[in-house]
Peer 1: 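The structure's right below; bear with me while I get my questions together.
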Number of protein chains: 2
Amino acid sequence: MAPLSSGVLGSLDSTSDRAVFRQIADRLREAIDKGRFKEGAKLPSESELVEHFGVSRMTVRNALSVLQGEGLVHSEHGKGVFVRPRPPVRRLASDRFARRHRDQGKSAFTVEAEAAGSRPEVDNLQVKEERPTRDIATRLGEPRKVLARRRRYLLDGRPVEFAASFLPLDIARDTPIAQPNPGPGGIYARLEELGHRLDHFDEEVRARMPTPAEVKSLHLAAGVPVIHLVRTAYDTEGRAVEVCDTVMAADAYVLAYQLPAN
Amino acid sequence: MAPLSSGVLGSLDSTSDRAVFRQIADRLREAIDKGRFKEGAKLPSESELVEHFGVSRMTVRNALSVLQGEGLVHSEHGKGVFVRPRPPVRRLASDRFARRHRDQGKSAFTVEAEAAGSRPEVDNLQVKEERPTRDIATRLGEPRKVLARRRRYLLDGRPVEFAASFLPLDIARDTPIAQPNPGPGGIYARLEELGHRLDHFDEEVRARMPTPAEVKSLHLAAGVPVIHLVRTAYDTEGRAVEVCDTVMAADAYVLAYQLPAN
DNA sequence: TCTGACTACTCGTCTATACGAGTATGGGTG
DNA sequence: CACCCATACTCGTATAGACGAGTAGTCAGA
C-alpha cells in the first residue's frame with residue numbers, strides 16, 4: 001500500500017466537535033473541489049484513508065457514504081472509489097415538439113442525439129391498452145381505457161430516460177398510434193392527421209430521489225435524483241389528447257424553456 | 001420496549017442473496033407504501049428492529065440510511081425515525097412574471113403564498129455591486145460589474161428557496177433596483193420604467209443533490225434534491241438585462257410551463 | 001406548585017474484527 | 001504464446017460492543 005502524500009488531505013481537528021467522519025468527508029470534498037482529484041480519478045482506498053486519518057474503517061466508510069449521497073463520488077466493488085464524472089447533458093428545448101420539428105422521419109430524440117454526437121437507442125418498447133391510473137384519468141378527462149406507449153431511451157448505451165404516453169382509447173384505437181412505430185413525426189403528427197390539431201402543451205416538472213425500480217431501470221448511481229416531467233397535450237378544442245409521463249436521470253438533462261414576457 | 005407486532009413487517013429470507021440490510025429496507029419501504037406507517041408516523045426504534053429481525057444494530061442502521069437516502073424517512077436524535085411528511089408544494093406557473101401580474105404592491109412570492117394560505121417571509125436580503133462569475137458574465141454579455149440581489153424565501157417559517165439576481169451595473173446603478181425594496185411590481189416593473197421593455201425569459205432547469213451550504217441554508221433533510229433554475233430576462237432589443245439564479249428545495253416545488261404547439 | 005434530578009428510552013458516533021466477493025496482476029503451466 | 005491460477009488488493013456485508021447526547025417522563029424535594 002503506497003503511503004498517502006500528506007499534503008493532499010489535511011489532518012483532523014481533534015478539538016472540533018464536528019464528527020470525525022464529517023471532517024473526513026469535508027477534507028475529501030475540498031480536495032475534489034480544488035481539483036486535486038479530477039473527474040474519474042480514484043480516491044485513496046479505504047485502508048489508505050484509515051491509515052492516514054488514524055480511524056477505523058467504518059468511520060472512513062461513513063465519510064465516503066456522505067460523499068456518495070451528495071453525488072460527488074461513486075464506488076466500484078473491487079476497484080475503488082472514484083470522483084463521479086459529469087455525463088454530457090441533453091438539453092431539452094421547450095420548442096422541441098413544435099410543428100416545424102415534426103417533418104423528419106426520425107424521432108426528436110434520435111435527431112437531437114445524433115446532432116450532439118451521441119448514439120441513441122430506444123428500448124423496452126411496449127404498446128398496450130389499459131385502465132388509466134387516477135392521475136392519468138383526471139388529466140385526460142376520465143376515459144375508461146387508454147392506450148399506453150412505454151419506452152426507454154439510451155445515449156451511448158446508458159439509459160437516461162423512461163417515458164410513458166397515455167392516449168384516450170377512442171382517439172388512438174386502430175390508428176398508427178397503436179403501432180410500435182407510429183411513423184415519421186411521431187404520435188403528434190399522427191394526432192394531427194386524425195383531426196386533433198394540437199394547440200398547446202402543459203408541462204409539470206418535479207425533482208425527487210428515484211424509487212428502487214427507477215434506480216434499476218436507469219442504472220442510477222447513488223446521489224443522482226430524477227426529474228419527473230408530466231406533459232399534457234391539448235388540441236384546439238381544448239381536449240387533452242395525450243399525457244406523457246417521463247422520468248429522467250437528472251445528471252443527464254437540462255430543461256430549457258422560453259417564456260414570453262407579456 | 002413494546003414487542004413489535006409481527007404482522008406489520010415480514011421476516012427475512014435467509015436463502016435470498018439480497019443483503020440483509022436491503023431486505024430490511026425493502027420491508028420497511030413496503031410497509032410505508034402500503035400505508036401501514038403513515039406520514040409523520042414513527043417507525044419502530046432501532047432496538048425494536050434489531051430484536052424483530054435478529055440482526056445487529058449497524059445492519060438496521062444501514063437499512064434506515066437507505067430509506068433516508070431515498071427521502072422516505074428522516075430521523076430525529078433522541079426521538080425516533082419518522083416517515084417524512086410531504087410538505088405543501090408551491091406551484092410556479094410559467095406566466096408568473098407576465099406583465100399582467102405586475103400591478104400589485106406585493107411581490108409575486110408574497111401574493112402566491114398568501115393565496116395558498118401560507119405565511120411568506122423574505123430573508124437575508126442583500127444588495128451589492130460585485131464582479132460577475134464567468135457564467136453570469138457570459139449570460140449578461142460580459143459586463144465588468146453587476147448589481148447582485150440575494151434573498152431567501154420562507155413559507156410558514158421553512159426556508160424553501162434561495163435566489164440571486166444579477167443585473168449589469170450600467171442598467172441598475174442609482175435606480176430603485178439598487179434599493180433593498182425596489183417597489184411595487186418588483187425589479188421587472190422598474191426595468192420597464194427605465195426603458196427596458198421585456199420581451200421574453202429563458203429558463204434553464206436542472207436537478208441535483210444540494211451542496212452542504214445549501215443543506216444548511218434551506219434546512220434540507222437527507223434525500224431531498226434541489227431544483228436549480230437559471231432565468232435570463234431579455235428586453236425587446238435582445239439584450240440580456242437580468243439573470244436570476246434560484247435554488248429550490250425540490251420537495252416544495254412543482255414548475256408548470258405552458259408551451260404553444262406551433 | 002414548581003423545579004430539578006433521575007431514569008429510560010431514542011439516535012449518533014466510533015472501534016475492532018471477520019468474512020465474502022469483485023478486480024487486477026504476475027507467474028507458472030501447458 | 002496463451003491460458004489458468006494464486007495472490008493481493010479493492011469494496012460489501014455483518015457482528016458485538018462502547019460511550020455520548022438529545023428527549024421525555026416520573027418522582028422527590030423545596
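Just so it is clear: chains get the letters A, B, ... in the order the sequence lines come, proteins before strands, and each one is counted from 1. This is a predicted model, so every value here is computed, not measured. Heavy atoms only: backbone and side chains are in, while hydrogens, waters and symmetry mates are out.
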Peer 1: Pull out every protein N or O sitting under 3.5 Å from an N or O of nucleotides 23-26 of chain C, one pair per line with the distance.
Peer 2:
none

Peer 1: Rounded to whole Å, please give me the gap between CZ in B/Phe21 and P in D/dT15.
Peer 2: 12 Å
Peer 1: Can you tell me how far P of C/dT13 sits from CZ of A/Phe53, to the nearest Å?
Peer 2: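 So the two atoms are 17 Å apart, to the nearest Å.
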Peer 1: What salt bridge (charged side-chain N to carboxylate O under 4.0 Å, His left out) pairs are there with at least one residue in residues 64-75 of chain B, not counting sequence neighbours?
Peer 2: B/Arg29-B/Glu70
Peer 1: Which salt bridge (charged side-chain N to carboxylate O under 4.0 Å, His left out) pairs, counting each pair once, include a residue from residues 9-18 of chain A, with sequence neighbours left out?
Peer 2: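 For residues 9-18 of chain A, and leaving out neighbouring residues, the salt bridge (charged side-chain N to carboxylate O under 4.0 Å, His left out) pairs sorted by first residue read A/Arg18-A/Asp26.
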Peer 1: Considering only nitrogen or oxygen atoms on both sides, find all protein atoms under 3.5 Å from nucleotides 15-18 of chain C and state each distance.
Peer 2:
unit_1 : atom_1 : unit_2  : atom_2 : d
C/dT15 : OP2    : A/Ser56 : N      : 2.9
C/dT15 : OP2    : A/Ser56 : OG     : 3.1
C/dT15 : OP2    : A/Thr59 : OG1    : 2.6
C/dA18 : N6     : A/Arg57 : NH1    : 3.4

Peer 1: With sequence neighbours left out, write down each residue that passes ring-ring contact (aromatic ring centres under 6.0 Å, His included) with A/Phe109, or none if nothing qualifies.
Peer 2: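 A/Phe109 satisfies ring-ring contact (aromatic ring centres under 6.0 Å, His included) with A/Tyr153 only.
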Peer 1: Taking only residues at least two apart or on different chains, which pairs with a member in residues 72-83 of chain A satisfy salt bridge (charged side-chain N to carboxylate O under 4.0 Å, His left out)?
Peer 2: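 Matches after skipping sequence neighbours: A/Glu76-A/Lys79.
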Peer 1: Strictly below 4.0 Å, heavy-atom distances to any atom of DNA chain C: list the hits from residues 60-76 of chain B, or just say none.
Peer 2: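 DNA chain C contact set from residues 60-76 of chain B: B/Arg61, B/Ser75, B/Glu76.
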Peer 1: Would you say A/Arg22 reaches C/dT13's phosphate, i.e. side-chain N/O to OP1/OP2 under 4.0 Å?
Peer 2: yes
Peer 1: Any salt bridge between A/Glu121 and A/Arg158, counting N to O under 4.0 Å?
Peer 2: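 Judged by the 4.0 Å cut-off on N to carboxylate O distance, A/Glu121 and A/Arg158 do not form a salt bridge.
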Peer 1: Whole Å only: how far is the CG atom of B/Asp17 from the P atom of C/dC19?
Peer 2: 21 Å
Peer 1: Kindly state each residue pair satisfying salt bridge (charged side-chain N to carboxylate O under 4.0 Å, His left out) with at least one member in residues 211-220 of chain B, sequence neighbours excluded.
Peer 2: B/Arg208-B/Glu214
Peer 1: Which whole-number value in Å describes the distance from A/Glu46 CD to C/dA21 C1'?
Peer 2: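 Those two atoms, CD and C1', are 14 Å apart.
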Peer 1: Which residues satisfy the side-chain hydrogen bond (donor to acceptor under 3.5 Å, both in side chains) test with B/Ser14, sequence neighbours excluded?
Peer 2: none
Peer 1: Who are the side-chain hydrogen bond (donor to acceptor under 3.5 Å, both in side chains) partners of B/Glu112, not counting sequence neighbours?
Peer 2: B/Arg90
Peer 1: Who are the side-chain hydrogen bond (donor to acceptor under 3.5 Å, both in side chains) partners of B/Asn181, not counting sequence neighbours?
Peer 2: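 Checked B/Asn181 against side-chain hydrogen bond (donor to acceptor under 3.5 Å, both in side chains); zero matches.
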Peer 1: Hey, are B/Glu51 and B/Arg57 close enough for a salt bridge, meaning a charged N less than 4.0 Å from a carboxylate O?
Peer 2: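 No salt bridge links B/Glu51 with B/Arg57.
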Peer 1: I'd like to check the side-chain hydrogen bond (donor to acceptor under 3.5 Å, both in side chains) partners of A/Thr110; sequence neighbours left out, ordered by chain and number.
Peer 2: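 By the side-chain hydrogen bond (donor to acceptor under 3.5 Å, both in side chains) rule, A/Thr110 matches A/Ser107.
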